[in-house]
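In what follows, every chain begins at residue 1, and chains take the letters A, B, ... in the order their sequences are listed. Only a predicted model underlies this, so the values are computations on that prediction, with no experimental measurement involved.
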Amino acid sequence: MAEVEEQLPLSPQDGGRGECGEEPPDGGAAVGVSETAPPSAGSPVTEEPAEDTKKKIDVLLKAVGDTPIMKTKKWSVERTRTIQGLVDFIKKFLKLVASEQLFIYVNQSFAPSPDQEVGTLYECFGSDGKLVLHYCKSQAWG
Amino acid sequence: MTDDKDVLRDVWFGRIPTCFMLYQDEITEREAEPYYLLLPRISYLTLVTDKVKKHFQKVMRQEDVTEIWFEYEGTPLKWHFPIGLLFDLHASNTALPWNITVHFKNFPEKDLLHCPSKDVIEAHFMACVKEADALKHKSQVINEMQKKDHKQLWMGLQNDKFDQFWAINRKLMEYPPEDSGFRYIPFRIYQVTTERPFIQKLFRPVATNGQLNTLGDLLKEVCPAAITPEDGQKKNQVMVHGIEPMLETPVQWLSEHMSYPDNFLHISIIPQPTD
């Protein structure tokens, strides 16, 4: 998969194969009570310094319904990447046709705007050091 | 408390006198007259400009018309931002009417989202309402509502029906009696001068010592450069719905009374005008 990874704008975590065996986070709960970004205590990737200066955030992609599952679910994503950018990436990765729709949900409750930055979503809705996003070919949660 | 309810109405019925003019390079069969309209601050451009579109399409050929888009002094206006936010951010210190240029060609793909139908506006609006409730109530209130309640929020906005809207929205403004406010405040801070589209972070309305956090506290935490240095001159205006709330205002109160219908506080930081 190496040549594929070079073309992709996102970098996978830990070699790209493994099943993530993670529990979905409690809807809406941000770890910690302070106003700062969630701690990345569980992050398997790097020993990067303070949250604010970290350019990339960890995203966990989960398929909904009969949408194809991505072999690599955990990705390191630039904070400034938009939801649209992520949609385009997933579509390419899953070899979906450009005209096919793909919906992305945060907290299994709302679909962020295509121009939303993942960094902002991580700040507000991340937990256990990552942002969990559900993706679906049809509208799942309206 | 009568005064507080009045604020809700003042926010809802805010209007901006606007003059729409067709972009000079658009091909017309006759001269296009400008079109004047009072725009609701709380709504969205593509929701309230059907008459504008019809007016200009009358002087154009069908084949020259593709998706309408709006621009102010060279800046494409994002339809998915509330009108009042766009005005405060780009034109609040210029003379009225707000002069907006109308385009039907060369849609700026990099700057604007497409808006093929009203359904897209509804979907965007509801997504914002849901995101706001995720912050305020862990989505509990919005999820307990029926689909028809969600629809009523949208219809209230679309048809400019204050009572219809607030019959449902008041539930989104409640919080458990044992708490002093929402879990987190839904807010976005915009500045034209920065690269970032907006600042949005987790911020509690109540501090650990039980005191209500203020607008000043919020700015100090997430956008300290916006606050005037103690020894310096006031550099910026912090604006919501065309006014500068006092920095001592509790954010909980602002969230309940000066949010847009999407339940977000959209705050503009603009340069202090030099009279």
Side-chain angles (χ1 to χ4, degrees), chain A residues 24-39 50-52 55 57 78-85 87-88 98-99 101-127 131-134 136 138-142, chain B residues 78-81 109-114 119-143 145 147 150-151 154 183-189 195-208 213 217-218 220-222 251 262-263:
Chain A
D26 157 32
V31 172
V33 287
S34 67
E35 287 85 50
T36 54
E51 292 304 305
D52 282 353
K55 288 248 187 68
I57 56 125
E78 299 269 339
R79 281 174 179 268
T80 53
R81 181 157 300 280
T82 62
I83 286 293
Q84 185 60 55
V87 164
D88 294 339
S99 58
Q101 286 193 301
L102 193 75
F103 298 89
I104 298 226
Y105 294 94
V106 176
N107 278 2
Q108 295 174 265
S109 57
F110 69 90
S113 184
D115 61 344
Q116 255 290 36
E117 292 188 345
V118 296
T120 302
L121 291 171
Y122 171 79
E123 296 267 329
C124 296
F125 304 104
S127 59
L131 177 67
V132 178
L133 296 175
H134 286 80
C136 191
S138 54
Q139 282 199 314
W141 290 285
Chain B
K78 297 182 198 287
W79 67 262
H80 67 295
F81 284 7
E109 301 282 345
K110 287 210 176 67
D111 300 301
L112 300 182
L113 300 178
H114 283 280
D119 292 343
V120 174
I121 312 173
E122 180 179 3
H124 167 72
F125 170 71
M126 286 312 303
C128 290
V129 172
K130 288 178 183 175
E131 181 175 355
D133 205 57
L135 291 167
K136 289 201 275 188
H137 304 117
K138 286 209 230 181
S139 302
Q140 277 160 11
V141 178
I142 196 73
N143 284 345
M145 288 183 184
K147 249 204 148 30
H150 293 181
K151 202 66 176 177
W154 167 247
R183 184 160 189 255
Y184 297 106
I185 299 291
F187 73 89
R188 288 183 177 164
I189 297 178
E195 284 286 303
R196 322 173 55 169
F198 54 73
I199 299 169
Q200 178 182 336
K201 294 193 173 170
L202 293 177
F203 189 79
R204 290 197 189 274
V206 189
T208 40
N213 281 325
D217 293 331
L218 172 64
K220 232 179 287 175
E221 173 83 17
V222 309
V251 289
D262 64 4
N263 279 240

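- Between B/Leu113 and A/Pro114 there is a side-chain heavy-atom pair separated by less than 4.5 Å.
- Interface summary for chain A: among B/Gln200, B/Glu131, B/His150, the most heavy-atom pairs under 4.5 angstrom belong to B/Glu131.
- Contact annotation for A/Gln139: neither backbone nor side-chain heavy atoms come within less than 4.5 Å of a heavy atom of chain B.
- With a 4.5 Å cut-off on non-hydrogen atoms, A/Gln116 touches chain B through its side chain but not through its backbone.
- Of the atoms belonging to A/Ser113, it is side-chain heavy atoms, and not backbone ones, that fall under 4.5 Å from chain B.
- Remark: B/Asn263 engages B/Lys136, B/Asn169 in a side chain to side chain donor-acceptor pair (under 3.5 Å) (not counting sequence neighbours).
- In this structure, A/Glu123 and A/Arg79 have side chains that are in contact, with non-hydrogen atoms separated by less than 4.5 Å.
- Applying the side chain to side chain contact (heavy atoms under 4.5 Å, CB included) test to B/Pro205 and every residue at least two apart in sequence or in another chain returns B/Ile185, B/Val251, B/Gln252.
- For B/His80, the part sitting under 4.5 Å from any heavy atom of chain A is the side chain, from C-beta outward, and nothing else.
- By the 4.0 Å N-to-carboxylate-O rule, B/Lys201 lies too far from B/Glu221 to be salt-bridged with it.
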